[in-house]
Novice: 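I am attaching a structure below and will ask some questions about it afterwards.
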Amino acid sequence: MSEAHAPISAIASAEVPRHVAIIMDGNGRWAAARGLPRGEGHRRGVEALRRTVRAAGELGIDVLTIFSFSTENWSRPATEIRELMGLLRRFIRHDLADLHRNNVRVRIIGEREGLEPDIARLLVEAEELTRANNGLTLVVAFNYGARQELARAARRMADALAQGSLKRDEVDVETIGRFLDAPDLPDPDVIIRTSGEQRLSNFLLWQSAYSELVFVQTYWPDFDRAALEGALQEYGQRVRRFGGLVARTGS
Ligand code: FPP
């Protein structure tokens, strides 16, 4: 990752949202189209991730959330799960120092319980090492499902109610938000999904209430800065009213 901050090129600063979330889809199809094993698609997907993190920092995006492993992904064949876990291990071991040097703060959302102990430790290490950084916040949604996150929030709220630190009448939209996995982060302004699929697949269901959705045909391993800028240009053309009549900016 380079230290240099490239100027915003094709896109205007008004098109740079505060929080971009990405559903990185199409690794398997990218590989199949080339007669390669799916694992090769995932490996190239990690390279696309590195490019995208760099581009997001250069463009001045505050928060980048990536869907790296969903609760539902456990139903994939054991060999593919092993490969994905191996890639996460390698991503954290090899890229963490680089992310830290580039002032990236890593946050993890998702269920920690039941993860292999070394993976759970790596996730904590990534968060601890980068805690004080104030550049790009990279939120890795790992072992993540939005309904499961809402169930966790409900359990935390039930505990707070039982302990008396929360009262029944205080339970409103804002309070629920405070019990989610990363309560301090802004909602995503835009969610980008690659590979042509057009659905949220249990990703950030609460936080996406007013997010713009941008679907691009590119398979994730081919995603790069130009593809990100293209998606942000499409976002920049949307008029966001948040249920009202007047256009507003998201941040
Ligand atoms: C979707 O492609 C992608 C995933 C299930 C995982 C995304 C993972 C990476 C980009 C690499 C791993 C990165 C980390 C940090 C662990 P798909 O396999 O669903 O593709 P398909 O729909 O074409 O089969």
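Quick note: numbers below take in every heavy atom, side chains included, and nothing from hydrogens, waters or symmetry partners. Counting convention: from 1, in listed order, for ligands and their atoms alike.
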Novice: Between R101 and D98, is the closest basic N to carboxylate O distance under 4.0 Å?
Specialist: yes

Novice: Touching ligand 1 at all, S195? Heavy atoms, strictly under 4.0 Å?
Specialist: no

Novice: Who's closest to atom 5 (C) of ligand 1 heavy-atom-wise, of E197, R90, R89, R76?
Specialist: R76

Novice: Determine, for R51 against D222, whether the closest basic-nitrogen to carboxylate-oxygen distance falls under 4.0 angstrom.
Specialist: no

Novice: Out of F203, Y144, W74, F91, which residue meets the ring pair (Phe, Tyr, Trp, His ring centres under 6.0 Å) rule with F69?
Specialist: W74

Novice: Can you see whether Q148 engages N202 through a side-chain donor-acceptor pair at a distance of less than 3.5 angstrom?
Specialist: yes

Novice: Which protein heavy atom lies closest to atom 9 (C) of ligand 1, and at what distance to 0.1 Å?
Specialist: N27 ND2, 3.7 Å

Novice: Between S68, S201, G86, flag the one that comes closest to atom 8 (C) of ligand 1 by a heavy atom.
Specialist: S68

Novice: Does the pair R44/E47 count as a salt bridge with the N-to-O cut at 4.0 Å?
Specialist: yes

Novice: Hey, does G28 come in under 3.5 Å of ligand 1, counting only N/O atoms on both sides?
Specialist: yes

Novice: Which is closest to atom 3 (C) of ligand 1 by heavy-atom distance: R29, M24, R43, H42?
Specialist: M24

Novice: Between N73 and ligand 1, which part of the residue brings a heavy atom under 4.0 Å of the ligand: side chain, backbone, both or neither?
Specialist: side chain

Novice: Run the numbers for me: atoms of ligand 1, each under 4.0 Å from some heavy atom of R38, listed by number.
Specialist: 17 (P), 18 (O), 24 (O)

Novice: Between D25 and ligand 1, does any nitrogen or oxygen pair lie at a separation below 3.5 Å?
Specialist: yes

Novice: Considering only heavy atoms of L88, which atoms of ligand 1 have at least one such atom less than 4.0 Å away?
Specialist: 15 (C), 16 (C)

Novice: What part of Y219, side chain, backbone, both or neither, has a heavy atom within less than 4.0 angstrom of ligand 1?
Specialist: neither

Novice: Does even one non-hydrogen atom of F69 get within less than 4.0 Å of ligand 1?
Specialist: no

Novice: Identify whether the distance between the nearest side-chain nitrogen and carboxylate oxygen of E113 and R155 falls below 4.0 Å.
Specialist: no

Novice: Would W220 count as being in polar contact with ligand 1, using the rule that some N or O on each side must be under 3.5 angstrom apart?
Specialist: no

Novice: Are the side chain of E127 and the backbone N or O of I108 linked by a donor-acceptor pair below 3.5 Å?
Specialist: yes

Novice: Near V46, which atoms of ligand 1 are under 4.0 Å from a heavy atom of that residue?
Specialist: 11 (C), 12 (C), 13 (C)

Novice: Any salt bridge between R34 and E40, counting N to O under 4.0 Å?
Specialist: no

Novice: Does a salt bridge link R89 with E116, judged by any charged N lying under 4.0 Å from a carboxylate O?
Specialist: yes

